[in-house]
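Contents: one structure, followed by commentary.
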Amino acid sequence: MRTNLDAARLLPSDPALRAIAEELYSSVAGLPIISPHGHVDPNLLVENKPFANPAELFIFFDHYVTRLLHTQGFSLENFGKGEAGANADPRKAWSILCSNWHMLLGTSSGYWLTHEFATLFGIDEAPSAENADSLYDLIATELLEPRMLPRALFESFNIDFLATTDDPCDDLAGHQALAADPTFNGRVAPTFRPDAYLDPRARNWVANVDRLLAIAGESDRSYAGFIRALENRRAYFKANGAVSCDHGVLEAYTTILSAEAAADLFDRALDGTITAHEQREFAGHMLAEMARMSTEDGLVMTIHAGVIRNHSTATFSKFGPDTGQDIPVAAEFTNNLRPMLEAYGLHPNLTAILFSLDETTWSREVAPLAGFYPSVLIGAPWWFLDAPDSATRFREATTEIAGFYRGSGFIDDTRAFLSIPARHDMSRRVDCAFLARLVAEGRLTLDQAKRVAIDLVVEIPRKAFKL
């Protein structure tokens, strides 16, 4: 059994359409990667150390993979999670993956890993229980080669821009080290992620607020001091290269409170007397406040809505966040965002990119909003939906309403550094397949399709994130 890395993978099976798609793909295959939203640790590039082993590289930090293995009854401790996971046996974890490779067939994770195994290590056989050890040894040996160091890969991947995701209290030392290093020529930027500070329902919210105030040098434990502290940290992030702020929210709810009302809710959130309804109101007000701040400092807002984070309380308590248990819920944007857009939606400095795991919102809400408000853009498919068929449905749902140029460009949103080229290549192939159909149907000329294909990779994300 061999892996399927066909040169025409994801392109149409119809010969005439495939020929058009192949021509389009040839125009974008070698273009640089712009990755304006992801979760790679900048210290990976600062330290530039060899990856420890195949399991750490492909399993331990990829909850797309670990969640599927977890469904087969394997504890997350096997995959480096929790206190016990600190001593996880990497070869055992690798053996579990290989022995359960069938679980990944047809999934985006299986597709990306197949791409990585073939292009980086020359592996052309499917993982299995029988070849687990030999594949582990092959990859482990290759990881010691200079070409497999993180900085060498950054260059060979042709990454033009890479954004990380960072806590507002982070000192950004890793980013500063990269910026000051004359031997590193890449552009790596932080992203301001304030979720833990904006919503009183967040875990340890009071302690989070106190820490934020201290980091910002703000002695006034009041709503006004809280706002100044957030503005202080946004300015710090921007001075260190940030271009966006990211918001992962259960709902894209916004409201605008008076300063007096917001101050009252802030004080009662600190002393524990705030109601559940009032917590929602304060969180909605703060999301709108982030839009206000963006009109002043220009940071792009990315709003990822419609996810219950840490769905399994027992799993979260034992293993923490980012363990594959963030589950989508129905999302609503039109009414929830109206207060924010009424106040700031026509402001020339605001850009708000809307990401949804609820496919029904793509054509019903997100694309129509982006088709009117200059400040609103359509976020690419993410989490469960950054996959070939989902990406195709995304194009079909949004293009006729808002066109190609009201989007964000592709977002890989990954912690798995080696998967970045595979993910961007997938997006380019899917878009070329979609464009090929429009050419074949006489809806676009080939030259128009080429222009769009190139812009989707380069100009559209550059404009969306003000690069």
Side-chain angles (χ1 to χ4, degrees), residues 34 36-37 244-247 249 251-254 287-288 290-292 294-295 298-306 328 330-382 385-386 390-411 427 430-435 437-439 441-445 448-449 451-467:
I34 297 173
H37 176 72
S244 67
C245 54
D246 182 53
H247 307 277
V249 294
E251 55 178 344
Y253 177 69
T254 62
L287 187 57
M290 291 295 102
R292 178 190 65 76
S294 285
T295 65
L299 291 180
V300 174
M301 290 184 76
T302 58
I303 302 176
H304 292 77
E332 202 281 336
F333 293 90
T334 303
N335 292 310
N336 278 338
L337 286 180
R338 192 175 186 188
M340 183 187 87
L341 293 176
E342 287 274 48
Y344 310 114
L346 302 180
H347 197 288
N349 283 355
L350 178 64
T351 297
I353 307 177
L354 309 183
F355 295 83
S356 178
L357 283 173
D358 182 350
E359 292 188 34
T360 65
T361 64
W362 288 347
S363 60
R364 189 182 66 241
E365 300 183 57
V366 177
L369 286 168
F372 172 76
Y373 286 98
S375 61
V376 175
L377 295 178
I378 307 167
W382 65 290
L385 301 178
D386 55 352
S390 302
T392 300
R393 295 194 299 272
F394 170 79
R395 283 282 169 232
E396 292 171 345
T398 61
T399 302
E400 288 186 321
I401 298 170
F404 293 102
Y405 289 82
R406 297 300 299 158
S408 65
F410 181 67
I411 305 291
S427 175
V430 167
D431 284 339
C432 288
F434 181 79
L435 287 163
R437 177 171 67 83
L438 299 188
V439 172
E441 293 173 355
R443 299 167 66 182
L444 294 181
T445 67
Q448 288 173 328
R451 171 65 185 273
V452 170
I454 293 171
D455 286 350
L456 284 169
V457 173
V458 180
E459 294 305 321
I460 288 173
R462 284 190 181 282
K463 182 178 180 181
F465 285 87
K466 303 180 182 180
L467 301 180

Throw together a table of side-chain donor-acceptor distances under 3.5 angstrom for residues 353-361, partners on residues two or more places apart or in other chains.
unit_1: Ser356; atom_1: OG; unit_2: Asp358; atom_2: N; d: 3.0
unit_1: Ser356; atom_1: OG; unit_2: Asp358; atom_2: O; d: 3.2
unit_1: Ser356; atom_1: OG; unit_2: Thr361; atom_2: OG1; d: 2.7
unit_1: Asp358; atom_1: OD1; unit_2: Thr360; atom_2: N; d: 3.1
unit_1: Asp358; atom_1: OD1; unit_2: Thr360; atom_2: OG1; d: 2.6
unit_1: Asp358; atom_1: OD2; unit_2: Ala331; atom_2: N; d: 2.9
unit_1: Asp358; atom_1: OD2; unit_2: Thr360; atom_2: OG1; d: 3.4
unit_1: Glu359; atom_1: OE1; unit_2: Arg393; atom_2: NE; d: 2.9
unit_1: Glu359; atom_1: OE2; unit_2: Arg393; atom_2: NE; d: 3.4
unit_1: Glu359; atom_1: OE2; unit_2: Arg393; atom_2: NH2; d: 2.7
unit_1: Thr360; atom_1: OG1; unit_2: Arg364; atom_2: NH1; d: 3.3
unit_1: Thr361; atom_1: OG1; unit_2: Asp358; atom_2: O; d: 2.7

Given the options Leu287, Thr351, Asp246, Met301 meets side-chain contact (heavy atoms from CB on, under 4.5 Å) only with Leu287
Next on the checklist: Within the structure provided, determine whether Thr399 and Phe434 are in side-chain contact (heavy-atom separation under 4.5 Å).
Outcome noted: yes
Quick one: are Val430 and Phe410 in side-chain contact, heavy atoms under 4.5 Å?
-> no
Using a 6.0 Å cut-off, check whether atom CD of Glu400 has over 12 heavy atoms from anything other than its own residue. no
Using a 4.5 Å cut-off on heavy atoms from C-beta on, say whether the side chain of Leu341 contacts that of Ser375. yes
Are Phe333 and Val366 close enough that some pair of their side-chain heavy atoms sits under 4.5 Å apart? yes
Here the side-chain hydrogen bond (donor to acceptor under 3.5 Å, both in side chains) pairs for residues 457-467, sequence neighbours left out, are Asp160-Arg462
In the structure I gave you, are the side-chain heavy atoms of Leu435 and Phe404 within less than 4.5 Å of one another anywhere? yes
Side-chain donor or acceptor of Arg406 paired with backbone N/O of Pro368 under 3.5 Å: no
Would you confirm whether Ser294, through its side chain, and Val300, through its main-chain N or O, come within 3.5 Å as a donor-acceptor pair? no
Kindly say whether Val249 contributes a backbone atom to a donor-acceptor pair with the side chain of His247 at under 3.5 angstrom?
no
Checklist entry - Does the side chain of Thr302 reach to within under 4.5 Å of the side chain of Phe465, using non-hydrogen atoms? => result yes
> Taking it one step at a time, do Glu365 and Glu332 satisfy side-chain contact (heavy atoms from CB on, under 4.5 Å)?
Replying inline: CA-CA 8 Å; Glu365 300 183 57; Glu332 202 281 336; 3.6 Å; yes
Practice item. Indicate yes or no for a side-chain donor-acceptor contact from Ser363 to the backbone of Ala397 under 3.5 Å, with no hydrogens or angles considered. Key: no
Ile460 meets the side chain to side chain contact (heavy atoms under 4.5 Å, CB included) criterion, sequence neighbours left out, with Tyr405, Asp455, Leu456
